[in-house]
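To find a chain, count down the sequence lines: A is the first, B the second, and so on, and within it residues start at 1. We use all heavy atoms of the structure for the numbers below, so side chains are in, but hydrogens, waters and symmetry mates are not. Predicted model, so just to flag it, every value in this text is computed and none were measured.
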Number of protein chains: 4
Amino acid sequence: MIAYFLVMALLVAGTSGVLGQSTGGGVVKYHATINDVKYVYSTAAPVARLKSGDVLETNTLDAFGNAIQKPGDKLSLVKGDNALTGPFYIEGAVVGDTLAVKILDLQVDGNQGVGAIVPGFGALTTTNYTAMLHPALPEKIWFYPIDHTTNAATFKALDSDFSVKIPLHPFFGCIGVAPAGGEARSSIVPAEFGGNMDSPEASVGNTVFFPVNVPGALLYMGDGHAAMGDGEIAGTAIEVPLRARIQVSVIKGKKINWPRFENEDAIMTVGAYRPLDDCLRIAFTELVGWIHQDYGLSEVDTYELLSKVGRIHLNEMVDPNYVIVASVEKKYLPQKK
Amino acid sequence: MIAYFLVMALLVAGTSGVLGQSTGGGVVKYHATINDVKYVYSTAAPVARLKSGDVLETNTLDAFGNAIQKPGDKLSLVKGDNALTGPFYIEGAVVGDTLAVKILDLQVDGNQGVGAIVPGFGALTTTNYTAMLHPALPEKIWFYPIDHTTNAATFKALDSDFSVKIPLHPFFGCIGVAPAGGEARSSIVPAEFGGNMDSPEASVGNTVFFPVNVPGALLYMGDGHAAMGDGEIAGTAIEVPLRARIQVSVIKGKKINWPRFENEDAIMTVGAYRPLDDCLRIAFTELVGWIHQDYGLSEVDTYELLSKVGRIHLNEMVDPNYVIVASVEKKYLPQKK
Amino acid sequence: MIAYFLVMALLVAGTSGVLGQSTGGGVVKYHATINDVKYVYSTAAPVARLKSGDVLETNTLDAFGNAIQKPGDKLSLVKGDNALTGPFYIEGAVVGDTLAVKILDLQVDGNQGVGAIVPGFGALTTTNYTAMLHPALPEKIWFYPIDHTTNAATFKALDSDFSVKIPLHPFFGCIGVAPAGGEARSSIVPAEFGGNMDSPEASVGNTVFFPVNVPGALLYMGDGHAAMGDGEIAGTAIEVPLRARIQVSVIKGKKINWPRFENEDAIMTVGAYRPLDDCLRIAFTELVGWIHQDYGLSEVDTYELLSKVGRIHLNEMVDPNYVIVASVEKKYLPQKK
Amino acid sequence: MIAYFLVMALLVAGTSGVLGQSTGGGVVKYHATINDVKYVYSTAAPVARLKSGDVLETNTLDAFGNAIQKPGDKLSLVKGDNALTGPFYIEGAVVGDTLAVKILDLQVDGNQGVGAIVPGFGALTTTNYTAMLHPALPEKIWFYPIDHTTNAATFKALDSDFSVKIPLHPFFGCIGVAPAGGEARSSIVPAEFGGNMDSPEASVGNTVFFPVNVPGALLYMGDGHAAMGDGEIAGTAIEVPLRARIQVSVIKGKKINWPRFENEDAIMTVGAYRPLDDCLRIAFTELVGWIHQDYGLSEVDTYELLSKVGRIHLNEMVDPNYVIVASVEKKYLPQKK
C-alpha cells in the first residue's frame, strides 16, 4: 500500500500528455481525455510506462469519443471511431514475449450509454465490404440510462413506449497492442494484435494475452461496453466511458499467434477474420494447439474432445474483421504440464 | 390415460413397416429398425399417421445406423449417414401451415456412444466442399461409456490414458419435414425444412416449428446426440440411439420460412447455409421478423435491442450447410400481441 | 444420313409426352411444351430414351416458361423457375459411369429475350440467404430484341433512350442429371449433378461431362441464355427459348465427382457451392486431379503450373450455389496418357 | 525529348537513397536496391518527388527481394515479402484527389523467374487464416528461364522432365499508395489503397487510379510478375525483377473509394476483401457507381446491363485479402458525360 501511495503521489498530477513512469510493483494512474486519444494501433509515443506486475488505473472514452450526449446529437460530431487510451509501454516486453493483462475492475463512467445505427455498418445492412445497391439504413441513436444501484441499463424503444432493463456486463470493446511487421491498424479493426475484438471476455476476472510485436508491447484500450448481445448485430453495444483497473505482466519467451483469454475455469482463444468460417478455424486450431502444448493431450484427441465439450462465442459480425472466441472449461482437460 | 392405453393396445404390435394410425388425442407408438430407416427427407410413404395433439413414442438409431459397436468396427460398415425414423404423416397439415413438435422426453438408448473422425468431414480438415490438396485426416473412432445413474458419458483418449466425464444433454441431431418444391434432401443436410441441424435446442422442454411443405408435413428424426460441443467441430457428437416421446400439433394458416424453437423463456430462430455469415443473417432477419410481427416492436428497435441482448448459438460448421441459432429471452420483449 | 432420316421418320410425331426411343446411332427428336416441363432434377419418368452415341434434337423454354412476352407482363405469371426439358434416359448408363453431352447446335428460338430483376435475387441485393433488413430491389423487366442476321440482341435502357447491341452466345443455363443419394433438387440449384450452372461453357463446341448417379443418368436441360455477363450479377442473362442439337455418350466405368467441360483446346472443371472461395477450391482440386490422373503430371507440379497458366471463369454468384469454372489450355499440358 | 535528356542528365546519378526531384513535365529516374526497399505501405520518407505529368523510370526487386537465385536457395534467405520500391511523393496530391498511374513500359529484368510453394500460403492448403490441422504443404521452388527473344518463360516440372513455354505478360503484383486513416499495411496486403492486388491489369497500356489518402499520395510498387494464372492459386506467379516506366498524374478534387483501371477499351474496378463474395460485391457496386456517375446510365439499368456484358477477373485468392476486378468494355456504355 505504501508503494501504492508513493506512486499515487508521483502520478496524481499525471494529467493527459504527461508521461507517467512506474517505480515497480506499483500502481500507475493515467487520465485520458479527447485531446490525447489515438485512433490507430501503432508505435506512437507512449503516454505512460509500466513495469511487469504494475497495476494501471485509467479511463476510456466511449466509442464516439463521448461526443453523443443528448437527443439531437448527430454522428457527425464524432471525431473518430473508438478513441483509444494509450499506448502504455511495458518495460522489458520484447518481440516474442507475451503480454498478460488481468482485468481487475471496470466501472461504467457516468449515467448513460449510447447505441446507434451507423449508416453502412451492421450485420443486416449493406456495408463498405458487403456492398449492395440498397441505400444504407439511416442513422438512429438510442440513449440508455444506467442505474448503478441495480447495475442495469434501460433500453427505450424509439417507435413505441416499450422499455426494458438490461443487466450490466462492462468490458473493453477494444484492447490490443501495436501490430507486428511495422503495420498500424485502425481502432475499428480486430486482428492478431487484438484491437476491436468486441469480446465480452475482456471483463473483470479474465486475463487477456497478446503477442508482443514491438518493444514495450504498447497497450491500448477503449470502446467500453456496458452490455452487448452476441454478434453486436446492429453495430454497437451500449457504448460507455469506463474507469478501469488492470494489471500487466510480461511472460518472457512465450510466443503466441493470436490473443487468448483465461480465467479460473476456462481457456479461450480468439479468431478474427472474414468470413466467420475462418474465424472459427483460427480460434479452434489455436485452442487445439494450446491444449496439446500445455496440457499434453494429442492433437486428434483434443479435436475429438472439443467436438464434445468446446464452446463458441460469436462476439461480433460487424467490424472489418469478425470475431469468434472458442473455449473449453478446464475441468475437461488433463492436468497442466 | 385411458386413451393412452387404448392406443397402446392398438399399437403395441406396431412393428416396423406397419402403418400406425392415431385415434385422436392419443399416443402413437412406432419402433424403428435398420430395415425401415430413411436416408432422405422426401415424400416417402409414411410409417405412421398422427393427429394434431398426438404424442409419438418412438426410437431412433444412431448416426451410423448402430453399425459401430466395438473397437475394430470400421465406418465402412455404415449403410448410410443419419438413419432417419419416419416419415410420420400429421393429419390436417397442409402447405402453408406450421408444424409444432414439442419434445417431451429423450433417453439415450443403451450404454455407449460413439464419436468419430470421418475422413473428409470436420471443420479443421479438407472436405468435399472446402477441398484442398492435403490428404484427409484418417478415420478414428472413440467409444463413450454412458452411466445412466450419473447421467454422464466418459471421453477416453486414444493416445493417452486421460479420461473425463461429460454430462448428458440428449437431443435430435436430425429433425425435419419433407422439403418444399418437390425437393428431396439427404439426411446429412440442414436447410429450410430442418434436417441435420445438429441443434442442441432440439431437446426436452423445447418446441421446434417447421414450415409444412407437403400434405401431412412428413416428420422425420434421428441422429441422436448424448452431448455435443458448439460447432461439432470434428464432425460428430457423442452419437447414440434415442428413445423419444414428442407431441405434434398443427398451427393452421401460419407460414414460417425457417425452423424455429421456443420454450418458456426464449424464442429462437435457425439459419442454415454457408458461409456462417449468411447463417447469422438468416437467423437474425427471421428473429427480427418474428419479434416485429408477434411482439409489435418496430424492426429498427428490434434490431437495436438484439444488438444488446441477442444470443447466438453456433450449432455446427461441418455439414453441407452450417447452422446458427439466434435467440432472445422473452423477458426482454414486449407482451406478445 | 440414312439412319438420320429413318429415325426422323419414326420420331417426327414425337410430340410432348410421347416416349421416344432410339434405334441406335441415330437421332431422337423431342418437343417440349409448358405442359411437360419439370422443375426438379429427380428420377421422374423419362420423356425419351437415347442410346449412347445418339443425337437429340429438342427445344427448351426460357427461364420463365415463356410466360413473359410483352411490356406489362409480370413475374407472377411464371409457373416455376427454369422450366426443364427432360429427363432423357440414356441406355446403358449406370451408377459410376460418366455421361458426355456434346453440344452440336444451339439456336435462339424466337426474336426476343428477357432480362429481369427478380425481388430477392441477385448479387447486389438482399436475398433469401444473404438476408438483410432492406426491402428487396423491386421487380423490373427488360426486353431484348434479337436480330438473327447480325446475331445480336439489343439492350434498351428503361430510364433513358440508350440502347446497345450485344453479340449472341447461346448456351444452356441449366443442364444436368438426376442427383445422387436419392436427392431431388430444384431447377434453380447447381451442384455436383450439374443443374443451374449458368455456365457459358455449355455452348456449341464443348462437351459437358456428368457423373451418372442413377440408371439411365436422366438428363435435363433448359434456361437458355442468348448472352450473359460473368457472375450474372443482376440474376438473369438474356433469357431465351432454345432449339438444341446434342449428342450423348456413356463413358463406362469412369467416375467423376463434379461436372467437367472439354473442347479441342482446353479442359475445364466446375465448382458449385458457397462461398465462392469453396467453389474455387472445388474447381481447382478437381482440375489438379484430372491433370494428374490423365496427363501424368505430379500434383505439386500441376498446382504450380496452374498458378501460372490456369484460368477462372466466375459463372454466377446469384443462385443457391455459386459457380466457378477453372480451366487450362491443353497446350500447357503433357501428352495425355 | 530535350526535357527528357535534361532530366536524365540531372538524375542519371540518382542512385538509391538519393532523393530525386522533378523539374516538371520530365522524367525522374530512381534505382532501387535491397538496401532501400520497404515492406509496408505507410508514410515513410519519400525516395523521390514527382510532379503531376512526370514520367518515372525505376526498377523493382522480385517478391523475394531477389534472394532466390539458384537451386538450393531456401525461402529462409528472404528478408521480407514483396520488397517495395518507393515511396514516391507526387507534388500537389492532397487527400480527396485521385492519383493516376499510366504504365508505359515494363520489362523483365534478368533471365530468370521464380515460383514457389510457401508453406502456409496458397488457395488449396491450410494457411494462417484458413487454418486446419493438416501440416502445410512443404516448401518447393521452381526456376523459370526467360527467353527475351520469344518473350516466353519456361515451366520445368520438378517431378518429371516435362517443360512448356509460357508467354510473358509482365505486371506489377504490388502497386499502391499510403493507406488512409493513419494505417500502415504490409506489402502482402491488397486493400482500398491498392497494394498486393496481383492484378495482371497493372500492365502496359493500362492506367491505374488510387485514392490519395495522404499528402503526396506516396506511391509504391514491386512484386513483378512475368506471367500469372487467374487466382494465383499456389501463391506465386513467375516472380521477377522489373524495369518500369510509368507516368503519374493527379486528378484534383476527384475522390474514389477503391482502385480502378482504365484503358482505351474498358473500365475496371477492384474489390479486395474476404470472402470472394464480398470482393465481387465491392467491385460491382463500384462499377455500377462509376458508370452511373460518369456515363449517366441509371443504377438499375447499369445493373441489368452488367448482368449481360460485365466481365470478372479473379486475380488472386491467396493473399490476406482476395482480389476481383470487374470490368465492362466501353463499347457497351453510353457516351461519357
Give me a line-by-line list of donor-acceptor atom pairs from chain B to chain C that are under 3.5 Å apart, or tell me none exist.
residue  : atom : partner  : partner atom : Å
B/Tyr129 : OH   : C/Glu192 : OE2          : 2.6
B/Thr130 : OG1  : C/Asp278 : OD1          : 3.2
B/Thr130 : OG1  : C/Asp278 : OD2          : 3.1
B/Glu183 : OE2  : C/Arg185 : NE           : 3.2
B/Glu183 : OE2  : C/Ser186 : N            : 2.5
B/Ala184 : N    : C/Ala184 : O            : 2.9
B/Ala184 : O    : C/Ala184 : N            : 2.9
B/Arg185 : NE   : C/Glu183 : OE2          : 3.2
B/Ser186 : N    : C/Glu183 : OE2          : 2.5
B/Glu192 : OE2  : C/Tyr129 : OH           : 2.6
B/Tyr273 : OH   : C/Pro320 : O            : 2.6
B/Asp278 : OD1  : C/Thr130 : OG1          : 3.2
B/Asp278 : OD2  : C/Thr130 : OG1          : 3.1
B/Pro320 : O    : C/Tyr273 : OH           : 2.6

Among C/Val288, C/Leu280, C/Val40, who wins on heavy-atom pairs under 4.5 Å with chain B? C/Val40
C/Pro320 portion near chain B, given a 4.5 angstrom heavy-atom threshold: both
For the residue pair B/Gly182 and C/Ala184, what are the closest heavy atoms and their distance? O-CB, 3.7 Å
For B/Val189, is it the side chain, the backbone, both or neither that has a heavy atom under 4.5 Å from a heavy atom of chain C? side chain
